[in-house]
Amino acid sequence: MATGYTDPQRRARILDATLDLIAEEGIARVSHRKVAARAGVPLGSMTYHFSGMDEVLREAFGRFTDHIVAVFDDHLSVPADPGQARQAVADLVHSLSEGDGRDLVLTQELYTLAARQPPYRELTHEWMRRSRVHLEKHFDADTARQLDALIEGLTLHRALSRQPHDRALTLEAITRITVSGERSR
């Protein structure tokens with residue numbers, strides 16, 4: 001018998017639980033049963049809200065990319081000139097590369113899926129486009145594209161290095177790309 005109780009946050013909890021499990025155990029170990037248990041929902045909620053695990057993963061990674069784009073927005077919405085924008089990009093690199101590593105793991109898991117499966121490649125393409133929109137507020141399109149790749153590389157190297165490079169090196173790399181982009185305009 002139905003109780004009339006609805007749980008409007010159930011779908012979001014499922015997606016968050018999926019991302020948590022991917023970050024902790026890797027995508028290969030994610031299952032309907034584990035996600036439902038982690039989200040604190042009945043197993044039947046998985047098939048009620050999603051057509052299958054692929055839909056769960058696509059939507060969870062979509063939620064993750066929204067989060068990263070919001071991080072870009074937080075860092076890049078304030079700068080008023082190219083110098084401040086360079087500083088903001090350096091802050092972004094250091095923010096993304098420090099902490100518990102969750103976002104780094106999720107990024108790499110998504111990239112691995114995207115390398116093999118076109119729907120995830122499309123998701124990463126859209127994510128990169130949205131990230132570049134924030135960079136293009138301060139730099140031309142070609143420089144924004146190069147800077148986006150630099151952010152990814154510097155973030156990965158800082159996060160995985162035994163001795164991460166310092167902020168001065170990050171800023172120097174950003175300056176080299178952005179000043180050269182200013183000269184070619």
Side-chain angles (χ1 to χ4, degrees), residues 9 11-27 30 38-39 56-115 119-161 164-178 181:
Q9 299 303 315
R11 187 179 180 87
R13 282 200 328 272
I14 290 169
L15 296 174
D16 290 340
T18 301
L19 291 171
D20 289 343
L21 283 168
I22 292 167
E24 291 170 14
E25 299 184 22
I27 202 162
V30 173
R38 179 66 173 260
V56 174
L57 294 174
R58 276 196 317 274
E59 288 196 31
F61 277 123
R63 189 172 177 91
F64 170 69
T65 62
D66 288 346
H67 158 71
I68 297 297
V69 170
V71 171
F72 267 66
D73 185 49
D74 288 346
H75 282 84
L76 296 168
S77 62
V78 176
D81 63 45
Q84 290 176 346
R86 287 182 193 98
Q87 295 287 339
V89 172
D91 291 343
L92 175 63
V93 167
H94 286 253
S95 172
L96 291 172
S97 62
E98 295 167 355
D100 64 8
R102 180 181 190 271
D103 288 351
L104 179 71
V105 170
L106 290 172
T107 299
Q108 299 313 306
E109 291 278 358
L110 176 54
Y111 285 164
T112 299
L113 274 176
Y120 295 96
R121 192 170 307 126
E122 187 56 37
L123 181 62
T124 59
H125 172 78
E126 181 60 16
W127 172 23
M128 290 177 205
R129 185 199 63 74
R130 290 172 62 203
S131 297
R132 284 193 305 268
V133 164
H134 292 291
L135 294 167
E136 288 174 5
K137 292 175 187 173
H138 308 286
F139 308 103
D140 67 81
D142 288 339
T143 301
R145 182 177 294 272
Q146 293 170 352
L147 200 49
D148 193 30
L150 180 70
I151 291 166
E152 293 284 337
L154 288 174
T155 299
L156 183 62
H157 281 249
R158 283 199 86 253
L160 298 179
S161 178
H165 65 268
D166 63 11
R167 196 170 191 293
L169 187 111
T170 302
L171 191 55
E172 179 184 344
I174 292 164
T175 301
R176 285 182 185 198
I177 286 178
T178 58

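Any value given below was found using the heavy atoms of this structure, including those in side chains, with hydrogens, waters and symmetry copies removed. What you are looking at is a predicted structure, and each value in this text was computed from that prediction instead of being measured.
- The structure places CG of Leu150 at 4.0 Å from CD1 of Ile177, a figure rounded to the nearest 0.5 Å.
- A distance of 9.5 Å separates CG in Leu19 from NE2 in His67, rounded to the nearest 0.5 Å.
- If you take OG1 on Thr170 and NE2 on His157, they are separated by 11.5 Å, rounding to the nearest 0.5 Å.
- Atom CZ of Arg145 sits in a sparse spot, with 12 or fewer heavy atoms from other residues, nucleotides or ligands closer than 6.0 Å.
- Ion pairing of Arg63 with Glu59 is absent here, as no side-chain N (NZ or NE/NH1/NH2) approaches a carboxylate O to less than 4.0 Å.
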Working for side chain to side chain contact (heavy atoms under 4.5 Å, CB included), residues Glu109 and Leu113: CA-CA 6 Å; Glu109 291 278 358; Leu113 274 176; over 6 Å; no
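- Note that CG of Leu110 is 12.0 Å distant from CG of Asp103, once rounded to the nearest 0.5 Å.
- The six-membered or imidazole ring of Tyr111 lies near that of Trp127, with a centre-to-centre distance under 6.0 Å.
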query: Run the salt bridge (Lys or Arg N to Asp or Glu O under 4.0 Å) check on Asp73 and Lys137 step by step: do they pass?
result: CA-CA 10 Å; Asp73 185 49; Lys137 292 175 187 173; 3.8 Å; yes
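- Heavy-atom minimum distance, Ala88 versus His75: CB-O, 3.2 Å.
- With contacts defined as side-chain heavy-atom distances shorter than 4.5 Å, the pair Ile68/Leu96 qualifies.
- The closest side-chain heavy-atom distance from Val133 to Arg129 is below 4.5 Å.
- Under 4.0 Å is where a charged nitrogen must lie from a carboxylate oxygen, and between Glu24 and Arg38 at least one such pair does.
- With values rounded to the nearest 0.5 angstrom, Thr107 atom OG1 is found 10.5 Å from Arg102 atom CZ.
- The two residues Ala173 and Leu154 have their closest heavy-atom pair at CB-CD1, 4.2 Å.
- Of all heavy-atom pairs spanning Phe139 and Arg86, the tightest one is CZ-N, 4.2 Å.
- Here the CG atom belonging to Leu156 is positioned 13.5 Å from the CD1 atom belonging to Ile151, to the nearest 0.5 angstrom.
- Here ring pair (Phe, Tyr, Trp, His ring centres under 6.0 Å) pairs that include residues 82-104, with residues two or more places apart or in two chains, number zero.
- Taking 4.0 Å as the cut-off between side-chain N and carboxylate O, Asp20 and Arg13 do not count as a salt-bridged pair.
- Classified by interplanar angle (parallel below 30°, tilted 30° to 60°, perpendicular above 60°), the ring pair Phe61/Phe64 is perpendicular.
- Of the possible polar contacts, none joining the Arg158 side chain to the Arg167 backbone as a donor-acceptor pair under 3.5 Å is found.
- Panel note: side chain Ser95, backbone Asp91; no donor-acceptor pair is recorded below 3.5 Å.
- Residues Leu76 and Ala85 approach most closely at CD2-O, 4.4 Å, considering heavy atoms.
- The two residues Val69 and Ser131 make their nearest non-hydrogen contact at CG2-OG, 4.2 Å.
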message: What verdict does the side chain to side chain contact (heavy atoms under 4.5 Å, CB included) test give for Leu123 and Arg58, after you've listed the backbone C-alpha separation in whole Å, the side-chain angles of each residue and the deciding distance to 0.1 Å?
response: CA-CA 8 Å; Leu123 181 62; Arg58 276 196 317 274; 5.6 Å; no
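- Nearest approach of Asp74 to Ser77, heavy atoms of both residues: O-OG, 4.0 Å.
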